Amino acid sequence: MGTSRLDIKEHGQQEFPTGKRGKSIYIDFAWCKACGICIEFCPKEVFDYSALGQPVASRAQDCTLCMICVHRCPDFAVTIEPSSGKVPEPAAERPQVHAVASRRA
Ligand code: SF4
Ligand code: SF4
């Protein structure tokens, strides 16, 4: 499945639990300049583009914790850290938080 553009706008730092080793992807949208590098380099196509061109980890459950996005981001806006527990971990049978957002080609 390729990346999509989601008609949403993100604010602040958001957490996307991967469900693997208790780790989450964190994206700081204040630091992200929407260059798209993390989105394009992710080998598992975890990210979609938001309306502002920033990454949304729509498929965080597919993340392999390879850290490519973390190391490629020129603005240190992506981190992978222990999950906070405040956001539910992804479950195969449960739609992702952002999967319900409308999509544009
Ligand atoms: S850690 Fe790797 S698999 Fe996970 S979102 Fe980043 S680039 Fe994609
Ligand atoms: S690589 Fe960093 S600055 Fe570029 S889109 Fe991803 S999070 Fe934003």
Side-chain angles (χ1 to χ4, degrees):
M1 183 165 52
T3 57
S4 301
R5 190 173 175 92
L6 303 179
D7 191 18
I8 57 174
K9 294 178 181 176
E10 301 289 356
H11 302 280
Q13 188 186 60
Q14 289 215 12
E15 176 183 2
F16 303 91
T18 67
K20 294 190 180 75
R21 287 191 259 158
K23 298 286 183 69
S24 290
I25 304 164
Y26 293 88
I27 300 172
D28 192 321
F29 292 101
W31 287 13
C32 171
K33 65 184 177 191
C35 70
I37 289 174
C38 60
I39 302 169
E40 298 298 332
F41 274 88
C42 174
K44 303 302 287 184
E45 297 186 335
V46 164
F47 301 108
D48 284 324
Y49 288 90
S50 75
L52 298 178
Q54 295 177 309
V56 177
S58 303
R59 291 167 292 282
Q61 75 276 13
D62 293 342
C63 174
T64 59
L65 306 175
C66 73
M67 304 294 280
I68 288 175
C69 57
V70 175
H71 295 306
R72 291 275 181 174
C73 175
D75 292 273
F76 308 102
V78 187
T79 53
I80 294 180
E81 303 287 344
S83 299
S84 70
K86 297 175 184 170
V87 180
E89 292 203 344
E93 68 277 9
R94 187 171 59 232
Q96 285 296 287
V97 172
H98 296 287
V100 296
S102 62
R103 295 178 178 217
R104 292 192 298 237

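Read the numbers this way: they start at 1 and go in the same order the structure lists the ligands and their atoms. Note: hydrogens, waters and symmetry copies are ignored here, and every other heavy atom, side chains too, is used. As the structure is a computational prediction, the values presented were derived from the model and not from experiment.
One distance of note links CZ of R59 with OG1 of T18; it measures 15.0 Å at 0.5 Å rounding. Interatomic distance, I39 CD1 to R5 CZ, rounded to the nearest 0.5 Å: 9.0 Å.
Side-chain contact check for K20 versus T64: every heavy-atom pair is 4.5 Å or farther apart. Within the 4.5 Å cutoff, no side-chain heavy atoms of I27 are placed close to those of Q14. Side-chain contact check for C32 versus P55: some heavy-atom pair is nearer than 4.5 Å. Contact check for E45 versus D62: no side-chain heavy atoms found under the 4.5 Å cut-off.
Listing protein N, O or S atoms at distances below 2.8 Å from atom 6 (Fe) of ligand 2, with waters left out, gives C38 SG.
The closest protein non-hydrogen atom to atom 3 (S) of ligand 1 is T64 N, 3.5 Å. Ranking protein heavy atoms by distance to atom 8 (Fe) of ligand 1, first place goes to C42 SG, 2.3 Å. Of the protein's heavy atoms, C66 SG, 2.2 Å lies nearest to atom 2 (Fe) of ligand 1.
The residue from C63, S58, C69 that alone fulfils the side chain to side chain contact (heavy atoms under 4.5 Å, CB included) condition with F47 is C69.
Distances below 4.0 Å separate heavy atoms of C63 from the following atoms of ligand 1: 1 (S), 3 (S), 4 (Fe), 5 (S). Proximity to I80 (heavy-atom distance under 4.0 Å) selects the following atoms of ligand 1: 1 (S). Here is the list of ligand 1 atoms found below 4.0 Å of a heavy atom in M67: 1 (S), 2 (Fe). The K33 neighbourhood of ligand 2 comprises atoms 3 (S), 8 (Fe), with distances under 4.0 Å to a heavy atom of that residue.
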query = Stepwise, does the side-chain contact (heavy atoms from CB on, under 4.5 Å) test hold for E15 with S83?
reply = CA-CA 8 Å; E15 176 183 2; S83 299; 3.6 Å; yes

key: Test log, rule side-chain contact (heavy atoms from CB on, under 4.5 Å), inputs F16 and V87   = CA-CA 7 Å; F16 303 91; V87 180; over 6 Å; no

